[in-house]
Amino acid sequence: MPNFEHPEYPEATLLHLESMVPCRESQVSSLLSIFGERQHFSFPSIFIYGHTSCGKTYVMQTLLETLELPHVFVNCVECFTSRLLLEEILTQLQSLSSEKKHGSHVPCDTFNDFVRLFKQEIITQDLQNQTVYIVLDKAEQLREMEANVLPGFLRLQEMTDRNVTVIFLSEIVWELFRPNTGCLEPFTLYFSDYSIVCRDLKELRHLAALNFTKYCEPVVRGEANERDTRRLWKNIESHLKKAMQTVYLREISSSQWERIQKDDGEPGHLKGLSAHAHVELPYYSKFLLIAAYLASYNPARTDKRFFLKHHGKIKKTNFLKKHEKTSNHLLGPKPFPLDRLLAILYSIVDNKVAPTANIFSQITSLVTLQLLTLVGHDDQLDGPKYKCTVSLDFIRAIARTVNFDIIKYLYDFL
Amino acid sequence: TAVRFVNKKCYIRARFVYIYLSFCLTDYFSQGKNDSEDSGLRFATCQLLWKQINSETEKIQEELNKQLFDNLIHFLRQSHSELQTKKTEWMCRMKSSEIPTAALVLGVNVTDHDMTFKSLSEVLQDNVTPYVVSLQAKECPGIKHLLQKLMGQLMDCNVDVDSSEEEECVNISQKKIRCSMASLSKWYESVTKKTDSETPSKKRTSSSRHWQSPPIVVIFKDMESFTTKVLQDFIVISSQHIREFPLVLIFGIATSPMIIHRLLPHSVSSLLCIELFQSLSCKEHLATVIDKLLLTTQFPFKLSEKVLQVLINIFLYHDFSVQNFIKGFQLSIVEHFYSQPLSVLCCQLLEAKKRVNSLSHNQCENIRSLPSFRRYVESQVSEKQIALLTEDSFLKEVTQTLLEDLHIYHENYFTVLRCLHVFTTSLPKYPLGKQIRELHCACLGKSVWETEEYESAIQLLRMLAKDELVAILQKCAEIFISSSGKQFSNTVEKLEEFLARFQNLEAETSEVQDVSVSSQKELQKTTDLYHLQKTLLALKESKRSKKLTKFEMLRFEVVDFIDSLVRSYLAPAEMQTLNEVVYFNTANTLREHLNAAPRIALHTALNNPYCYLKNQTLKSDVGCISNTAPDICIVYKLHLECGRLINLVDWLEAFSTVVTAVEGTDPDAVATDQVDEIIHARFIRAVSELELLGFIKPSKQKTDHVARLTWGGC
C-alpha cells in the first residue's frame, strides 16, 4: 500500500515516486494534496525552506518530473538580474511542449512585459487547462533584485489570470523575505534536516565516496563480512578522522586524497593549504605591518608611553582606565590615520627611514594584499585611515623575523 | 593630505621611469654632449646591449618558470582526463562536479606577476587550449562584469581561430544579447562541434596542439582583491554547468593560500578541487638574475658597488620585485651611455679595440682626464708620461692594452669570486655573507682582505675539518677548470696537488694508526714500568707532532694559497685603470629616479626655492625669509612657525610685513593699518595653493583659523 494516495495519478507512478524520495514522504504528500488535480487551481505561491542540502531542490525536481507536470526550474544565483531571470523563465516555457531543445530568445525588460508575454505563451503552448509550476531555486537572491520582483511573483496567478503556481526554494525563513510594503503571503513549508547528526548530506556523500573503497578493503581481503560492522568501523575510524581534518576542510583536494589512499602513504608529506601561512615580505613592509598592528590595537594615548624615550613616570594605575579593561584584541582592530602609522614606523625602525615614494606605495600594496584595509571611501584624499587585518600569530611570526619583540609594545599584554 | 597626494605621485613616478626608458631616443643622447663624442654610436651600442640583456632576462624567466608550468599542465591534463572518462560510478560522477582549481602562490611581488601570467597564458594557449581567460579584480566589481569580461575574451579568441566573417557577426550579436552561463555553454557546444566537423586537414592544424574538447581556463590574477560575493557567485553558477563544458580555475595568490578559506565559505569551497602550486621565491629569482647578468663577462657593462647596493636595497627593503630590479639595471645602462662619453668603448673587446683607433682628439682628452688613467700615468716613467699626455696615437695603443687588461681582470675576478664564495658559504654565521652578491659587493668596493670580516673568515677557514676542506677544494677545482681563462692552469694544478696530498695524508694516518696499534700491542707485552713510561711518552710525542704538523700544515698552506688568490685577483674595480669606461657609479642619480622622496622634495622646493629655480636673488641664509621668493614659499615658511591652528589675520600681517619689507619703497604705506588689496589677494592665492597641496585645511573649531596638517622639517 503506497503512502501517497491521489486519484489523479496511477499507483505505479506514486510507488515509483515514493522510492525516489526517502524520508520526505510527509512533505511530498502534503505537496501532492496542495497541488490537487492537474486542472485545479493551486496556491498562488508556495515557500519551501530548510537547511543546506536537505533535499528541497531534489524533491521538487523529482516530484515534478515523475508526475510530468509542466514546470520551469530556475536558479536565481545564475540569473543575477531580473531581466535574465524573466527571460530564462520565458525561454524554458517555450520549450515545454515544443520539440526543440532551446527556445528562441525572448527579450523581456520589465515585469509588465513578463506578464504579457507569459499570458501569450500559455495560450500558444496550450497550457490553459493545467497548473504551470515556476520553481525559483535559491530564492534569497530575489531580495537583491528590484523591489517589484518578489511581490510580483507572489501575485503572478492573480496578475496573469492563468493557472500558475510559483514555488520558492530558500535556506532562510520567510520572515526575512517579507517586504515592508506588504504582499500576498505564500504558503510556507518546512523541510527538516534528514537526521540530527547530519547537517550536510552532500558532504556526507562526498566523504563516503572517498572512503568507501578503504571501508570495503577487509571484506575484499576476506577478513570480515559485510555485517561485521564493528571490525569494519575499527578499520576505517582513523582514516575518517584524517579525512575530516583534511579533505572535509578542503585543506587538500579529493584527488590528492585519492592518490594518498592509492599509495597507502601518510598525508604527512602533503601539506594542506593552511600549512602555508608564512608570507615573505620586504623589510620595510614588515615594519609597516607591525606599526599598523600596534596602531590598530593600542589606544592612541599610550603611544607616548611606548615610543617616547623619556616619557617620564607614568603610573600604571593612571595608565589603565577602568572602562578599558576589556582586551583590545577582543574588540578587534581600530582605524588609525596615516600620520600615526608613519610616526610609529619611524620610532620602531632602528636606522633612519626617509619618507620615500616607495614607502607610500608599500602601504598601498599592503592594502591590495588585504593585510591592511582602507577605512572609508577610496577617493578620500583628506586623511586616509587604515585598519590592520592580520592576526596576532601572523604578526608575531613577522616580528620574529626582524627581531622585534612585539608583545612588549602591546597594551593588552602589559 | 600631502601624503595621500604623494601616494598618487608614486604611480606618476613609475610612469615617468617607464616613459623615460621607452623614449630614450637618439635626440636625447645628442642633446647632452656634442657629436664629436660619438653620441650616435653610443646610442646604438646602448640599444644593442639592452636588447641582448633583455633577451637574456626573458630566457632566465622562462627557465625558472618551466618547472611550475609543467606541473600546472600536468594538473590540467589529469583533471581533464578525469572529466573525459565519463564513468557512471556514483563516486566519479560526484567528483566530476567539482571544479578543478589550481591555487598558484606567487609571492608578494605583485609587479612581477603580470609577466608570469602572460607567459603562463601563452604556454597554455600553445599547448593546451585556445580558451584562456585572465581576469583582474578591478575589472570585475560585479558578477555581471565578470561574465561580460569572460565571454568577451572567449569570443575574441574564437574569432582568432577562424576568421570567417559570418561567425564574427554571430558572435558579436551573441555578445550583445546575453551574458549568462547558459549562453556560454551553448557557445562552447557550437565551437567544439564546429572543430569536429571541420575538414581533416584543417583539424590537424588546430587540434594537434590542443586537446580534445579543450578546457576553458579562467585565471584570477589577483585573488586577494576580488570581492567575496563575485567569487562565490561565479563558482556556484559555473559548478552547475561543469558537465556542459570543462572549466578549470587558476587562482593567483600573492600572500598565502589561507586567503581561499577567508574568501570562500565552506559551502562554496566544497565545490572546488583545489591543488597548490608554488612559484620560485623572488629572492632565488634575483640571485639567478644577478648571477647571469652581473657576475659574467658576457656583457661588458658593469655596476659599481654603490649602484648595485641601491638596486639590491630597493629590492630587499621595498618591493621584492625582480622586474623593478631589471628596470633599474636598464636605467643605469641608459644613464651610463648618456653621461659617460667614453662609454662608446663599453662593448665586446675586439670591437672596443677597433673603436679606440677612431677616437677623436676630444675623446683622447676625456681618457686623459679619467682619475684612474691619471693614476696610471703617474706610476709611469717620465718619458712615457709625456708621450701619454701628448701623443694621441701612443695613447690609443696603450688604451688598447689597458682595455685588454681590464677584460682579463674581469675574467679572473669572477672565477676567483665564485671560488671564494664556495669557501665562505661553508663557514658558520657567514662573516662575508651567504649570497654571492654580498661577497661581490664586499670585493667591489674596497680591498676585501683589509676588512675585519675577511680576517675572521680566514680564521674560521683555518679550523675547517678535513672532509669539508677536500669537498670545497674539489668544487673550486671544477670552477677553475670550467672557467674560460687559461691563466688558471697553474692554479688547477696546485689545487689538484693539494687534493693528492690530502689523499696521501689519509693513507699516512692509517699507517700511523697501524703503528700505534702495533705499539699498543708492544705496550701490552712490556711489563717493566720504566719501559712502559718511555714508550707511552714516545707515543704521545709522536702523536702530537705528527697530527699537528701534517694536516694542519697542509691546511695552512691551502688557506694561504686562497688568500694569495684573493689578494691578486679580487682587487677592487675602482683600482683598475679605465674602469670608468664600463662601470656605472653615480648611485645618487639612480636613487633620485628610483627611490624618490617627494615629501622632502616638496619641502625643499618651498623652503629653499633656490635649489630648484637657480635664481641668484633667491639665495638666502638659513632661517631668514627672503622677500624675493615666490609668495607660496613665504607663506609656507611663515606657517612652519605656527602651531596646529593658524590665525589667518596674523598670518596675513606677517606676510604683508615680509613682502613690503622687500619692496621697501613706501614706508608710509606700512604704517597704515589697511593691507594693500593686491597683497591681500596674493596672500589668499598663496594660502589656497597650500591648501591644494594638502598642508592646511579649513577648520571649524575657531573662526578665521586654518588647521595645519603636517609636522616637522619634512
Side-chain angles (χ1 to χ4, degrees), chain A residues 52 75 77-81 84 87-88 91 102 105 107 138 200 202-203 205-206 209-210 212-213 249-250 252-256 258 271-274 276-285 338-339 342 354-365 368-371 380-384, chain B residues 1 3-7 9-10 13 78-79 82 90-91 94-95 98 103 105 107-108 110 143-144 177-178 180-182 186 222 224-225 233 236-237 240 254-261 266-267 269-270 272-276 281 314 316-320 595-600 694 697 714:
Chain A
T52 319
N75 187 328
V77 178
E78 201 180 324
C79 306
F80 43 87
T81 63
L84 277 177
E87 284 175 358
E88 178 67 25
T91 318
H102 297 290
H105 173 248
K138 303 248 171 23
D200 195 336
K202 270 187 206 148
E203 277 304 306
R205 193 179 55 171
H206 182 243
L210 284 177
F212 188 65
T213 42
L249 297 172
R250 294 307 186 276
I252 63 175
S253 73
S254 47
S255 44
Q256 279 172 326
E258 242 169 41
K271 283 189 198 157
L273 294 182
S274 302
H276 299 267
H278 177 65
V279 179
E280 190 82 37
L281 285 172
Y283 188 73
Y284 284 143
S285 294
L338 180 62
D339 287 339
L342 291 176
T356 60
N358 273 330
I359 293 280
F360 293 116
S361 62
Q362 266 169 287
I363 298 174
T364 321
S365 2
T368 53
L369 295 178
Q370 300 274 298
L371 300 173
Q380 193 196 356
L381 289 170
D382 188 17
Chain B
T1 62
V3 167
R4 180 66 186 174
F5 197 67
V6 152
N7 249 345
K9 275 196 172 170
C10 299
R13 177 188 58 94
Q78 204 164 32
S79 51
E82 268 168 26
W90 63 295
M91 184 171 151
M94 193 206 60
K95 251 191 68 193
E98 288 182 337
V105 182
V108 295
V110 186
I143 180 74
K144 194 170 147 193
I177 294 167
R178 312 188 78 203
S180 69
M181 258 332 188
K186 221 185 288 170
D222 42 352
E224 280 89 355
S225 308
D233 283 355
V236 168
I237 294 172
Q240 262 149 14
T255 48
S256 83
M258 298 263 276
I259 195 81
I260 296 176
H261 292 314
H266 186 241
S267 62
S269 66
S270 63
L272 303 175
C273 176
I274 306 169
E275 245 171 79
L276 195 65
S281 88
I314 290 176
L316 289 178
Y317 285 91
H318 294 294
D319 58 10
F320 269 177
N595 200 8
R599 249 181 149 168
I600 294 172
K697 70 171 186 186
C714 65

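Predicted model, so just to flag it, every value in this text is computed and none were measured. So that the names make sense, note that chain A is the first sequence line, chain B the second, and so on, each numbered from 1.
With a 4.5 Å cut-off on non-hydrogen atoms, B:Leu316 touches chain A through its backbone but not through its side chain. Only the backbone of B:Leu272 comes within less than 4.5 Å of a heavy atom in chain A; its side chain stays farther off. With a 4.5 Å cut-off on non-hydrogen atoms, A:Ser285 touches chain B through its backbone and its side chain both.
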(Q) Before you tell me yes or no, could you show the steps for B:Thr255 and A:Gln370 under side-chain contact (heavy atoms from CB on, under 4.5 Å), namely the whole-Å CA-CA distance, both residues' side-chain angles and the distance that decides it to 0.1 Å? (A) CA-CA 9 Å; B:Thr255 48; A:Gln370 300 274 298; over 6 Å; no

Q: May I have the step-by-step check of side-chain contact (heavy atoms from CB on, under 4.5 Å) for B:His266 and A:Thr52, ending in yes or no?
A: CA-CA 12 Å; B:His266 186 241; A:Thr52 319; over 6 Å; no

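One distance of note links CG of A:Asn75 with CD of B:Gln240; it measures 4.5 Å at 0.5 Å rounding. A:Ser365 contributes atom OG, which lies 8.5 Å from atom CG of B:Asp319 (distance to the nearest 0.5 angstrom). For the atom pair OG1 (A:Thr356) and CD1 (B:Ile600), the distance works out to 8.0 Å, reported to the nearest 0.5 Å.
The candidate with the highest count of non-hydrogen atom pairs below 4.5 Å against chain A, out of B:Gly107, B:Ser270, B:Ser281, B:Ser225, is B:Ser270. Taking chain B as the reference chain and counting heavy-atom pairs below 4.5 Å, the highest number among A:Leu371, A:Leu281, A:Thr368 is found for A:Leu281.
For the pair B:Pro598 and A:Pro355, the tightest heavy-atom approach, listed with the atom from each and the gap, is CD-O, 4.2 Å. Nearest heavy-atom pair across A:Leu369 and B:Glu224 is O-CG, 3.8 Å. Smallest separation of non-hydrogen atoms from A:Val279 and B:Ser256: CG2-CB, 4.0 Å. Between B:Tyr317 and A:Gln362, the shortest heavy-atom contact is O-NE2, 3.2 Å.
The side-chain heavy atoms of A:Pro282 and B:Val108, taken from C-beta on, include a pair separated by under 4.5 Å.
Relative orientation of the A:Tyr284 and B:His318 rings is tilted, given thresholds of 30° and 60° on the angle between their planes.
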